[in-house]
Amino acid sequence: MEERTKQDIYGRLYDVVQGNMAAAGLDFPYRRETFLCEVEAHPQEVNVARYLELPNPVFMQAVHAAALKRLPEEKTAVFWKGRYEEPKEQFQEEVLRSVAASSVVAINHIRLVNNPYFEQKRGIKYHCMGLLYGLTDKSFLREFGKKLPMPVQKLIRKVFI
C-alpha cells in the first residue's frame, strides 16, 4: 500500500474519532497533523524530517507526542506558546534540544533521527545515563533511601545527584 493511501486512511479514522468526540461535547487533544506524523513510526525513533514543515504550534505538539508519548503539560504548552513567533528554525531547534534533554527520552532510549539542527548524544555513557535515570526516578527507591543511615544517604547523594 502506498504512503499516501495510508495517510488518507488514518486521516479518515482521525476525522471519525474527532467527530464522535465533538458530538459528545469533547475536544480531541491531538491535532490532525500531530496524529498523522506518528502513523507507522517506530516507538523509539522520531524522524524529525517528517515534522520540519509544520508550523511552530503544531511542531511543538507533534514532537512532544512523538518523543515523550504524551502531549505537553499545560505549563510547558504556555511556555512554548509565548515563543511561537520566533523564526521557525530557531524555535524547532530549541524544542528539539529541550525534548532531547528529557529524562523520558534517556530512559526509553528514544533517538531523534534526520535532525538537521544537532547530533543527539549517543554512546555507552548516555545509554548508562538513561539506565541511571530509570533507577533514580523510582519512588520506592527514594523511600528505601530515606530509611538508610544518614552517612549512607549523603554518600548516595554525592554519587547520584
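Every heavy atom of this structure was used, including side-chain atoms; hydrogens, water molecules and symmetry mates were not.
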Hydrophobic cluster identity match, Phe59 and Val78, side-chain contacts under 4.5 Å: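 Cluster IDs for Phe59 and Val78 differ.
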hydrophobic_cluster_shared for Val16 and Met21, side chain cutoff 4.5 Å: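 No; Val16 is not reachable from Met21 via cluster members.
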Hey, what do you get for [atom1] ([X]) to [atom2] ([Y]), rounding to the nearest 0.5 Å?
X      : Y     : atom1 : atom2 : answer
Asn20  : Leu26 : CG    : CG    : 10.5 Å
Arg111 : Glu45 : CZ    : CD    : 8.5 Å
Tyr117 : Leu96 : OH    : CG    : 7.5 Å

When you measure from the side chain of [X] to the backbone N and O of [Y], does any donor-acceptor pair fall under 3.5 Å?
X      : Y      : answer
Gln92  : Leu52  : yes
Tyr14  : Tyr30  : yes
Gln61  : Pro29  : yes
Gln153 : Leu148 : yes
Asn47  : Asn114 : no
Lys88  : Glu53  : yes
Arg70  : Ala65  : no

Side-chain touch [X]/[Y], heavy atoms, less than 4.5 angstrom:
X     : Y      : answer
His64 : Val99  : yes
Arg32 : Asp15  : yes
Val48 : Val113 : no
Glu89 : Pro116 : no
Glu33 : Tyr51  : no
Pro72 : Met60  : yes
Trp80 : Ser98  : yes

Shortest non-hydrogen separation from Ala62 to Thr34 and the atoms involved: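 Heavy-atom minimum between the residues: CA-CG2, 3.6 Å.
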Closest non-hydrogen atom pair between Ile110 and Val104, with its separation: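 Nearest pair, atom of Ile110 first, then Val104: CD1-O, 4.4 Å.
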Whether over 12 other heavy atoms sit under 6.0 Å from [X] [atom1]:
X      : atom1 : result
Tyr10  : OH    : no
Lys154 : NZ    : no
Gln90  : CD    : yes

Short N-O contact, Arg97 and Glu94, less than 4.0 angstrom: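 No, no charged N to carboxylate O under 4.0 Å.
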